[in-house]
Amino acid sequence: MITLEDLDGMPEESPDSAYHSNGSSLEEEAERMEDEEQERLLSYWQSVGRGHQVDVPRDMAEPIQQLTRNNSPQERQSIPFTLIQRKEKLGDLLYEKRQYGKAKWACIKMKEKQYEQSICLGFMKLMRYICEQNSSGLYLGITVPIVTIVHTNESQSEMTQSVTVAYYLPPGLQDEPPHPFDSDIIIEEWPSTIVYSRSFRGIINEDSIMREINLLAEILDSPELCLQDTFIIAGYTNPAAANRHNEIWFLQRP
């Protein structure tokens, strides 16, 4: 597929050669290809959304396209942290103990019937905020991971429906975060926090989250030092990805 960047780099041609045999100019051809790419991406996300019982509306086409184009590893900013400890066994990493500094996050609370619905709908709202639907009118940039705060009952046997999907504001926007047009998105300042993080891959749902919570609780030397009903799922790939890179975070008590 020829991108707009490819077209910008092409040498100048004579007026006659600037048109295709069907009479359309290079600019018109680029616009047509742009529309086709947008439709293809929207169709893909709609197909994924149906699998999670989520409707992806047509107004998501432009944010999806913009986020996809800027989702290369070089474009993503990782949330900074200080590594305190790595726990390994027979050469395999069991978990990491990290400290994340005080920072501002764009947060949205969701309460759908299923976790997958909450994360997909919440992520779409944050995508709109990131992709120019904010007071600056600018694309804000991708930071990873996108995190979801989940809660369980006291016995850690099941999750509650209430979750919070959150996006870390890039360092250049921490002092004055752009205001979201969506009133459901709230800018919050989170305190410095120590987390115990374990990596896992695959689809995220209530069952896989509870499995990872129980697994990390068994591995930790002193799980009682952490909150017992609040956990974080950190996602490094978008919800449409088939083999997602995720982490489960336990939060150390203040």
Side-chain angles (χ1 to χ4, degrees), residues 67 70-71 73-88 93-110 115 118-119 122-123 125-127 129-130 134 140-152 156 159 162-178 180 185-201 204 208-209 212-217 219-239 241 244-254:
L67 218 62
N70 292 280
N71 198 30
Q74 296 80 11
E75 297 290 339
R76 288 176 257 170
Q77 299 183 61
S78 297
I79 301 173
F81 64 85
T82 300
L83 179 62
I84 300 174
Q85 178 190 9
R86 287 170 61 90
K87 182 75 171 182
E88 297 182 356
L93 177 62
L94 298 181
Y95 65 83
E96 289 185 344
K97 183 179 181 181
R98 308 169 180 168
Q99 181 163 25
Y100 288 87
K102 180 175 68 174
K104 292 186 176 70
W105 297 70
C107 307
I108 182 163
K109 298 185 185 300
M110 305 295 296
Y115 173 84
S118 289
I119 181 65
F123 185 64
K125 282 178 170 285
L126 289 176
M127 282 175 66
Y129 170 63
I130 295 168
N134 58 70
L140 304 184
I142 290 292
T143 60
V144 291
I146 298 290
V147 306
T148 309
I149 303 174
V150 301
H151 305 278
T152 67
Q156 294 183 3
M159 283 174 49
S162 178
V163 303
T164 299
V165 187
Y167 158 75
Y168 174 87
L169 272 300
L173 302 175
Q174 282 287 319
D175 290 339
E176 296 184 12
I185 298 176
I186 306 298
I187 305 298
E188 297 181 358
E189 184 172 80
W190 293 1
S192 177
T193 307
I194 292 178
V195 310
Y196 296 83
S197 170
R198 177 176 170 82
S199 179
F200 67 100
R201 286 191 172 273
I204 311 174
S208 63
I209 291 172
E212 295 299 327
I213 287 174
N214 292 329
L215 180 58
L216 185 51
I219 294 172
L220 289 179
D221 295 328
S222 303
E224 68 277 3
L225 297 179
C226 301
L227 298 178
Q228 298 298 298
D229 62 354
T230 303
F231 308 90
I232 286 180
I233 306 300
Y236 291 83
T237 43
N238 70 59
R244 303 182 210 167
H245 172 205
N246 319 296
E247 291 175 345
I248 180 74
W249 292 359
F250 278 30
L251 310 175
Q252 184 168 296
R253 295 180 186 275

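Position 1 is the first residue of the sequence, and the numbers go up from there.
- For the pair G235 and N246, the tightest heavy-atom approach, listed with the atom from each and the gap, is CA-OD1, 4.3 Å.
- Using a distance-only test at 3.5 Å, with no hydrogens or angles considered, a donor-acceptor pair links the side chain of R198 to the main chain of L94.
- The minimum heavy-atom distance between K125 and I108, with the atom names listed, is CD-CD1, 2.9 Å.
- In this structure, F231 and T152 have side chains that are in contact, with non-hydrogen atoms separated by less than 4.5 Å.
- T143 places no side-chain N or O within 3.5 Å of a backbone atom of G141 that could act as its donor or acceptor partner.
- P177 has its side chain within reach of I187: a pair of non-hydrogen atoms, C-beta onward, lies under 4.5 Å apart.
- The backbone N or O of Q174 lies less than 3.5 Å from a partner atom in the side chain of K104, making a donor-acceptor pair.
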Note to self: Go through it in stages, so that I can follow the logic: the residues are I84 and I194, the test is side chain to side chain contact (heavy atoms under 4.5 Å, CB included), and I'd like the CA-CA distance, side-chain angles, deciding distance and then a yes or no.
What the structure shows: CA-CA 9 Å; I84 300 174; I194 292 178; 4.2 Å; yes
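- The CD1 atom of I204 sits 7.0 Å away from the OG1 atom of T148 when rounded to the nearest 0.5 Å.
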Check: Does the side chain to side chain contact (heavy atoms under 4.5 Å, CB included) test come out yes or no for I233 and I248, once each step is laid out?
Finding: CA-CA 5 Å; I233 306 300; I248 180 74; 3.4 Å; yes
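- Side-chain N or O atoms of Q77 include none that pairs as donor or acceptor with a backbone N or O of I142 at under 3.5 Å.
- With rounding to the nearest 0.5 Å, the separation of CD in E247 from CZ in R201 is 10.5 Å.
- Around the CD atom of E176, the shell of radius 6.0 Å holds no more than 12 heavy atoms that belong to other residues, nucleotides or ligands.
- At least one donor-acceptor pair under 3.5 Å links the side chain of S192 to the backbone N or O of Y100.
- Among all heavy-atom pairs drawn from A106 and L169, the shortest one is N-CD2, 3.4 Å.
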Notebook entry, point to check: Where do E189 and K102 land on the side chain to side chain contact (heavy atoms under 4.5 Å, CB included) test, with the steps shown first?
Noted result: CA-CA 7 Å; E189 184 172 80; K102 180 175 68 174; 3.7 Å; yes
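- Side-chain contact between I219 and Y196 is absent, with no heavy-atom pair separated by less than 4.5 Å.
- Heavy-atom minimum distance, T164 versus K109: OG1-NZ, 3.5 Å.
- Put simply, CD1 on I130 and CZ on F123 are 6.5 Å apart, with the number rounded to the nearest 0.5 Å.
- Listed here is the closest heavy atom pair of E188 and C107: OE1-SG, 3.7 Å.
- Annotation: the span from S197 atom OG to L216 atom CG amounts to 8.0 Å, rounded to 0.5 Å.
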Note to self: What verdict does the side chain to side chain contact (heavy atoms under 4.5 Å, CB included) test give for V163 and I119, after you've listed the backbone C-alpha separation in whole Å, the side-chain angles of each residue and the deciding distance to 0.1 Å?
What the structure shows: CA-CA 8 Å; V163 303; I119 181 65; over 6 Å; no
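- Residues I79 and V144 are not in side-chain contact: their nearest non-hydrogen atoms beyond the backbone lie 4.5 Å or more apart.
- Under the 30°/60° scheme for interplanar angles, the aromatic rings of Y129 and Y167 are found to stand perpendicular.
- Between V165 and S118, the shortest heavy-atom contact is CG2-O, 4.1 Å.
- Taking CD from E212 and CZ from F200, the interatomic distance works out to 5.0 Å, rounded to the nearest 0.5 Å.
- A side-chain contact (heavy atoms from CB on, under 4.5 Å) with Y168 is found for exactly one of P80, S78, P145, namely P80.
- Atom NZ of K97 sits about 5.0 Å away from atom CD of Q252, to the nearest 0.5 Å.
- The closest donor-acceptor contact from the side chain of Q228 to the backbone of P223 lies under 3.5 Å.
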